[in-house]
Amino acid sequence: MATLVTIKSSPVEDAEALQKAFKGWGTDEKSVITILGHRNVYQRQQIRKSYQEIYQEDILKRLESELSGDFERAVYRWMLEPADRDAVLANVAIKDGSKSYHVIIEIVSVLSPEEVLAMRRAYHNRYKHSLEEDLAAHTTGHLRQLLVGLVTSFRYGGAEINPKLAKTEADILHESIKEKKGNHEEAIRILTTRSKTQLLATFNRYRDDHGISITKKLLDNASDDFHKALHTTIRCINDHKKYYEKILRGALKRVGTDEDGLTRVVVTRAEKDLKDIKELYYKRNSVHLEDAVAKEISGDYKKFILTLLGKQD
């Protein structure tokens with residue numbers, strides 16, 4: 001369930017109100033938040049189109065010049081179409097190196113096959129080369145095989161499962177994790193080609209046969225980039241809402257807030273399942289996510305993030 005509280009509006013009137021907010025000495029950030037923080041993805045694209053038609057300028061460029069810091073980054077990403085936003089997030093993660101490969105894994109593990117395809121197309125259009133090309137150029141070995149396999153996969157999206165296959169592949173994954181020198185190619189093949197429904201059956205069979213969840217077992221062994229990537233892949237496929245809750249918890253509890261992590265989860269999930277993630281956060285931390293956010297960040301960035309979380313003034 002979404003947290004975004006939308007308001008019906010005219011895109012032309014919104015474009016004119018935003019232009020007014022940009023005029024004069026200093027930007028009227030409150031108006032920017034009030035308008036854009038209450039418009040769904042379709043409305044935002046209509047505002048962008050209207051702004052371009054009226055003022056012959058891309059509102060994204062105007063926002064970049066008028067706003068700054070974490071606030072600007074959050075608003076800019078919010079204004080992008082989802083596939084284009086995911087492409088930007090993936091590109092930033094590639095440039096950031098191994099510490100951010102989890103971002104690419106979470107994007108392609110949570111999206112549907114069609115959405116992954118749209119994101120790859122958006123990446124190609126924006127950067128003039130393919131996502132898999134960039135990933136392959138920045139990684140090596142098993143990590144490269146896993147990441148390239150995940151972004152190029154077009155999984156079966158149905159509900160059918162094969163219990164016998166789940167048993168066989170649970171054993172293969174167990175050997176790969178236990179030995180560290182196990183058949184990693186087979187583990188990669190399983191995680192990058194099987195449907196999510198089949199993989200859930202495999203993960204359940206792993207827990208039943210080995211008395212421990214596959215993610216906990218992997219966590220004990222996740223000392224290198226490849227095993228960390230395996231762990232993230234399985235967590236995202238297994239229960240992406242729990243995964244996102246952990247990202248938020250880590251972002252808010254570390255010394256110095258991880259604004260990138262906070263922005264990414266709130267902006268990408270506000271129109272999808274952020275309400276469920278908020279509930280998980282409260283169950284896990286006994287604190288409402290809005291209260292934790294309000295305590296850790298400040299200024300217009302704080303007001304904007306709280307607006308997307310559904311908090312009303």
Side-chain angles (χ1 to χ4, degrees), residues 1-9 11 14 18 29-48 63 67 69-86 88-89 102-103 106-107 109-112 115 119 235-236 238-254 257-313:
M1 291 175 68
T3 55
L4 182 68
V5 179
T6 56
I7 296 170
K8 285 185 180 179
S9 64
D14 282 345
L18 286 165
E29 287 89 355
K30 187 179 178 184
S31 292
V32 173
I33 294 167
T34 301
I35 296 168
L36 299 182
H38 294 292
R39 303 294 184 269
N40 63 32
V41 63
Y42 175 76
Q43 290 173 311
R44 297 195 302 276
Q45 297 316 307
Q46 291 303 304
I47 291 169
R48 189 176 175 186
L63 287 165
L67 312 179
D70 294 311
F71 178 46
E72 180 271 319
R73 200 154 29 245
V75 173
Y76 181 91
R77 290 177 182 178
W78 178 243
M79 283 297 291
L80 294 173
E81 289 183 75
D84 200 27
R85 180 200 303 139
D86 287 332
V88 169
L89 289 170
H102 64 279
V103 175
E106 89 185 32
I107 291 169
S109 298
V110 174
L111 296 180
S112 71
E115 288 169 332
M119 184 266 283
R235 276 192 65 111
C236 289
N238 199 34
D239 191 335
H240 73 270
K241 292 175 189 176
K242 271 191 180 177
Y243 169 82
Y244 281 127
E245 184 280 325
K246 190 181 178 188
I247 293 287
L248 288 171
R249 188 168 10 116
L252 294 165
K253 285 194 172 178
R254 60 178 271 180
T257 310
D258 173 15
E259 286 86 358
D260 275 350
L262 174 61
T263 298
R264 188 175 76 253
V265 177
V266 172
V267 165
T268 59
R269 308 316 296 178
E271 294 178 89
K272 294 184 176 179
D273 49 17
L274 191 52
K275 198 168 185 181
D276 297 335
I277 296 164
K278 276 169 58 176
E279 287 172 9
L280 282 172
Y281 188 92
Y282 182 73
K283 281 180 189 172
R284 179 70 175 72
N285 305 280
S286 302
V287 175
H288 290 292
L289 180 59
E290 295 94 324
D291 296 336
V293 165
K295 192 176 169 186
E296 292 298 327
I297 61 175
S298 60
D300 294 315
Y301 175 54
K302 169 181 164 180
K303 290 172 192 169
F304 184 63
I305 293 295
L306 288 176
T307 300
L308 297 191
L309 284 168
K311 192 170 177 68
Q312 299 295 296
D313 293 332

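We're numbering straight along the sequence, starting at 1.
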Taking the side chain as C-beta and beyond, is there a heavy-atom pair between [X] and [Y] under 4.5 Å?
| X | Y | value |
| --- | --- | --- |
| H288 | K278 | no |
| V41 | P82 | yes |
| I277 | L289 | no |

Taking [X] for the side chain and [Y] for the main chain, is one N or O donor matched with an acceptor at less than 3.5 Å?
| X | Y | answer |
| --- | --- | --- |
| W78 | L36 | yes |
| D291 | V287 | no |
| K303 | I33 | no |
| D258 | G261 | yes |
| H38 | V5 | yes |
| Q46 | Q43 | no |

- Task: Under the side-chain hydrogen bond (donor to acceptor under 3.5 Å, both in side chains) rule, what do N40 and T6 come out as? Steps first, then yes or no, please.
- Result: CA-CA 6 Å; N40 63 32; T6 56; 5.0 Å; no
- Item | Audit row: T263, Y301, side-chain hydrogen bond (donor to acceptor under 3.5 Å, both in side chains) steps and yes/no | CA-CA 9 Å; T263 298; Y301 175 54; 2.7 Å; yes
Can you tell me how far [atom2] of [Y] sits from [atom1] of [X], rounded to the nearest 0.5 angstrom?
| X | Y | atom1 | atom2 | value |
| --- | --- | --- | --- | --- |
| L309 | L274 | CG | CG | 5.5 Å |
| S9 | R39 | OG | CZ | 3.5 Å |
| E290 | K302 | CD | NZ | 12.5 Å |
| R235 | I247 | CZ | CD1 | 8.0 Å |
| T3 | R269 | OG1 | CZ | 11.0 Å |
| L248 | Y243 | CG | OH | 10.5 Å |

Grab the two heavy atoms, one from [X] and one from [Y], that are nearest each other, plus how far apart they are.
| X | Y | result |
| --- | --- | --- |
| I47 | P11 | N-CB, 4.0 Å |
| F304 | F71 | CB-CE1, 3.7 Å |
| D276 | K241 | OD2-NZ, 2.9 Å |
| A270 | A2 | O-CB, 3.2 Å |

- Item | N285 vs K253, side-chain contact (heavy atoms from CB on, under 4.5 Å): CA-CA, chis, key distance, verdict | CA-CA 11 Å; N285 305 280; K253 285 194 172 178; 3.4 Å; yes
Salt bridge present between [X] and [Y] (N-O < 4.0 angstrom):
| X | Y | answer |
| --- | --- | --- |
| R73 | E259 | no |
| E245 | R249 | yes |
| D300 | K30 | no |
| R44 | E271 | yes |

- Test side-chain contact (heavy atoms from CB on, under 4.5 Å) applied to D273 and M1, step by step: CA-CA 4 Å; D273 49 17; M1 291 175 68; over 6 Å; no
- Kindly determine whether T34 and I7 satisfy side-chain contact (heavy atoms from CB on, under 4.5 Å), including the steps that lead there. CA-CA 10 Å; T34 301; I7 296 170; over 6 Å; no
- Which of these, R77, E106, M119, sits in a side-chain contact (heavy atoms from CB on, under 4.5 Å) with L89?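 That would be R77.
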- Task: Mind running side-chain contact (heavy atoms from CB on, under 4.5 Å) on L308 and L4 for me, showing each step along the way?
- Result: CA-CA 5 Å; L308 297 191; L4 182 68; 4.1 Å; yes
